Amino acid sequence: MSSWVRVEDIGAHEGEKVELRGWLARIRSSGKLHFMQIRDGSGIIQAVVTKQAIDPELFKSLKKLGTESSLVVRGTVTADDRSKLGFEIQADEVEIVSEAEGYPITPKEHGEGFLMDNRHLWIRQRKQHAALRIRATIMKAMQDWLDDNGFLRVDTPILTPAACEGTTTLFETEYFEEKAYLSQSGQLYNEATAAAFGKVYTFGPTFRAEKSKTRRHLMEFWMCEPEMAFCDFEMNMEIQEQFLSYVVQTVLEKRAFELDVLERDTEKLAQVKAPFPRITYDEAVERLKSKGVEFEDGNDFGATDETLLSEDFDRPIFVTHFPTAIKAFYMKPDPKNPARVLGADVLAPEGYGEIIGGGERIADLELLEQRVKEHELPVDSYQWYLDLRRYGSVPHSGFGIGLERTVAWICGLPHVRETIPFPRMLTRMYP
RNA sequence: UCCGCUGUAGCUCAGUGGUAGAGCAACCGGCUGUUAACCGGUUGGUCGCUGGUUCGAGUCCAGCCGGCGGAGCCA
């Protein structure tokens, strides 16, 4: 009897007869010998089938078996230097589960549009596996670090009654007789749960109905948003650099194989260790001007500006003290200069741009009420949020890290669309 | 929303106003160590759509539709 083994565990079964269940990734044939690449979801291994080993009719039909046909292969695990994995299977039994015909993705090159149309099949491919495995590892590393540092995961709702920052960029939906909006951030609810539990985070999908069409935007993306009571602007940045360093180092340790598949330069990732350099918004503007950029003071940075700023550093950087006017209504103004906020963005290296936005929140009731009015937000809808300043308000801070941008950076991918199984993009919601 | 590029076989592309092409995939055959295998053969077309110019349009023009790249906005 042979036992069902996954490719990732094959090394522990050398010399044994095993059963593989998977799909035919590729077949090459040399007359009386078939080389079948068997993909089982955990890896790819080559099964060698000789004409003597199996029924001649079956041997003949295997030659014609289409790519991605599903099958069960039984055979003996042997060590072999010619295999990248170090092992292959000398098959003596092959069962075809379901034949596939005309699988559209071939070993030759394809355009991005075609691959996105076939995303449901594209995710079977090696590089997509590597990126999505690294995504899973990043998510787990984020949660592990937070769980191990006293944070409680308290998820916030996706259906919300009002906007965090206005309704223009929200997806609207029906909620029986009312309107509801898909959450663009768990931020405000996080402040309530932080006042309940001290240190919390939410991790889930968020939605923005912005008509942006760039390599770093999705309509639906995942954010991990920690929030901490009794935490100021400085402590917030220290937590971010520890957190992010842990995530990057964990991926380097646990996903070396996948980083290699993606041909990622890991030396650049190895340098990602706390502390991260800090520059103020005003310093950043000076740096841009000295590089010949025509920058209008008070504006936010564009993608090329962020690339120019990060290229001087070998690790992520904080850009702090943005103009109050361009930041969210809940950001705390710097007491030394109220025209600037106690907020910071983290810019990833190598031109990957902003991956974290965060800062200290306004704790004072009167100032927050004033800000809500200044931003022309419906004050009544924000009463629960203002309550947080009425009942034991404390200094508190938090941040949000965009998962797909982080995955794109760590994987060295040119576009966030490959960092999520089924990206929702401006002009694409299929499949 | 704006700017640029682009649309020809299942895929990636070539195609000078005058007979619709290649490589890969698929299909048929060959090969006992292949790694995007290789060798021989076969099939495969509403040239994005609509209109216009012309004796003649894949090719030139206009509009529309799709794709890709970038900008703005943002994580």
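Bear in mind the structure is a predicted one, so any value in this text is a computation, not a measurement. A, B, ... follow the sequence lines: proteins, then strands. Residue 1 opens every chain. These numbers come from the heavy atoms of this one structure, side chains and all, not from hydrogens, waters or symmetry mates.
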Q: Measure up the F151(A) and W145(A) rings against each other and bin them: parallel (under 30°), tilted (30 to 60°), perpendicular (over 60°).
A: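 Geometry flag for W145(A) against F151(A): tilted rings.
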Q | Geometric class of the F301(A)/F295(A) ring pair [parallel <30°, tilted 30-60°, perpendicular >60°] | A |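 If you compare the ring of F295(A) with that of F301(A), the planes turn out tilted.
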Nucleotide [N], atom [atom2] - distance to [atom1] of [X] in whole Å:
| X | N | atom1 | atom2 | answer |
| --- | --- | --- | --- | --- |
| Q184(A) | C74(B) | CD | P | 11 Å |
| H217(A) | C74(B) | NE2 | C1' | 4 Å |
| N118(A) | A25(B) | CG | C1' | 14 Å |
| M331(A) | C74(B) | CE | P | 12 Å |
| W409(A) | A75(B) | CH2 | C1' | 14 Å |
| K60(A) | U32(B) | NZ | P | 16 Å |
| E68(A) | A26(B) | CD | P | 13 Å |
| I356(A) | C74(B) | CD1 | C1' | 15 Å |

Pair listing, ring pair (Phe, Tyr, Trp, His ring centres under 6.0 Å) test, anchored in [range], at least two apart:
| range | result |
| --- | --- |
| residues 53-85 of chain A | H34(A)-F59(A) |
| residues 197-216 of chain A | none |
| residues 63-97 of chain A | none |

Q.
On RNA chain B, does the nearest nucleotide to M219(A) precede the nearest nucleotide to T304(A) from the 5' side, or the other way round? Give the residue.
A.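 Closer to the 5' end of RNA chain B: T304(A).
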Q: Let me know, please, whether F221(A) or E101(A) comes out on the 5' side of the other along RNA chain B by nearest nucleotide.
A: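 This one resolves to E101(A).
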Among [options], the nucleotide that comes nearest once only the side chain of [X] is considered:
| X | options | result |
| --- | --- | --- |
| R405(A) | C74(B), G72(B), G33(B) | C74(B) |
| R417(A) | C68(B), C74(B), U32(B) | C68(B) |
| P107(A) | A36(B), U1(B), A75(B) | A36(B) |
| R82(A) | G33(B), G69(B), U1(B) | G33(B) |

What distance, rounded to whole Å, do you find between the two [atom1] atoms, one in [N] and one in [M]?
| N | M | atom1 | result |
| --- | --- | --- | --- |
| A22(B) | G44(B) | C1' | 14 Å |
| G63(B) | G21(B) | C1' | 30 Å |
| C47(B) | G41(B) | P | 29 Å |
| C60(B) | U1(B) | C1' | 31 Å |
| G18(B) | G56(B) | P | 14 Å |
| C3(B) | C61(B) | C1' | 22 Å |
| G33(B) | A25(B) | C1' | 24 Å |
| G17(B) | C11(B) | C1' | 29 Å |

In Watson-Crick or G-U wobble terms, both distances under 3.5 Å, what is the partner of [N]?
| N | answer |
| --- | --- |
| G17(B) | none |
| U32(B) | none |
| C60(B) | G52(B) |
| C2(B) | G70(B) |
| C24(B) | G10(B) |

Sugar-phosphate, base or nothing in reach of [X], heavy atoms under 4.0 Å:
| X | result |
| --- | --- |
| Q52(A) | base |
| G357(A) | sugar-phosphate |
| K327(A) | nothing |

Residue pair [X] / [Y]: nearest heavy atoms and the distance that separates them:
| X | Y | answer |
| --- | --- | --- |
| C224(A) | F243(A) | SG-CZ, 4.4 Å |
| N236(A) | G398(A) | ND2-O, 3.2 Å |
| M223(A) | G402(A) | CG-CA, 4.2 Å |

Q.
For a ring-ring contact (aromatic ring centres under 6.0 Å, His included) check, start with the C-alpha distance between F422(A) and W122(A), then their side-chain angles and the critical distance, and finish with the verdict.
A. CA-CA 10 Å; F422(A) 296 97; W122(A) 191 20; over 10 Å; no
Q: Using atom types as modelled and distance alone, determine if a side-chain donor or acceptor of S98(A) lies under 3.5 Å from a backbone N or O of S70(A).
A: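 Judged by distance alone, no pair lies under 3.5 Å.
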(Q) With a 3.5 Å distance limit and no angle check, can you tell me whether D9(A) reaches the backbone of V5(A) through a side-chain donor-acceptor pair? (A)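 Here the side-chain-to-backbone pair does not exist.
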Q: Mark yes or no for a side-chain to base donor-acceptor pair under 3.5 Å between E210(A) and U1(B), with no hydrogen or angle criteria applied.
A: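 There is none.
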Under 4.0 Å, heavy atom to any atom of RNA chain B: which of [range] qualify?
| range | result |
| --- | --- |
| residues 419-431 of chain A | T427(A), R428(A) |
| residues 87-100 of chain A | E88(A), Q90(A) |
| residues 26-40 of chain A | R26(A), R28(A), S29(A), S30(A), G31(A), K32(A), L33(A), F35(A) |

Q | Over 12 non-hydrogen atoms of neighbours within 6.0 angstrom of CD in E376(A) | A |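 Atom CD in E376(A) is not crowded, with 12 or fewer foreign heavy atoms closer than 6.0 Å.
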Q) Would R135(A) and E404(A) pass as an ion pair if we require N to O under 4.0 Å? A)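 Salt bridge between R135(A) and E404(A), a charged N being under 4.0 Å from a carboxylate O: yes.
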**Q.** Residues that A229(A) engages under side chain to side chain contact (heavy atoms under 4.5 Å, CB included), provided they are two or more places apart
**A.**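 Listed in chain order: V394(A).
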Q: Please name all residues satisfying salt bridge (charged side-chain N to carboxylate O under 4.0 Å, His left out) with K254(A), sequence neighbours left out, ordered by chain then number.
A: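 Checked K254(A) against salt bridge (charged side-chain N to carboxylate O under 4.0 Å, His left out); zero matches.
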Q.
I need the full list of salt bridge (charged side-chain N to carboxylate O under 4.0 Å, His left out) pairs touching residues 28-46 of chain A, with sequence neighbours left out, sorted by first then second residue.
A.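 Counting only pairs at least two positions apart or across chains, the salt bridge (charged side-chain N to carboxylate O under 4.0 Å, His left out) contacts touching residues 28-46 of chain A are R39(A)-E68(A).
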Provide a list of protein-nucleic acid N or O atom pairs under 3.5 angstrom, restricted to nucleotides 13-15 of chain B.
none

**Q.** For F313(A), all residues meeting ring pair (Phe, Tyr, Trp, His ring centres under 6.0 Å), sequence neighbours excluded
**A.**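 If we apply the ring pair (Phe, Tyr, Trp, His ring centres under 6.0 Å) test to F313(A), skipping adjacent residues, there are no hits.
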(Q) Quick one about T202(A) and T156(A) (side-chain donor to acceptor, distance below 3.5 Å, no hydrogens or angles considered), yes or no? (A)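 The answer is yes; a qualifying pair exists.
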Q: Validate the cation-pi geometry between K327(A) and F322(A): distance from NZ or CZ to the six-membered ring centre under 6.0 Å, angle to the ring axis within 45°.
A: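 K327(A) over F322(A) ring: yes.
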Between N or O atoms, less than 3.5 Å apart, protein on one side and nucleotides 2-11 of chain B on the other: list the pairs.
from	atom 1	to	atom 2	distance (Å)
C11(B)	O2'	E109(A)	O	3.2
C11(B)	O2'	H110(A)	ND1	2.5

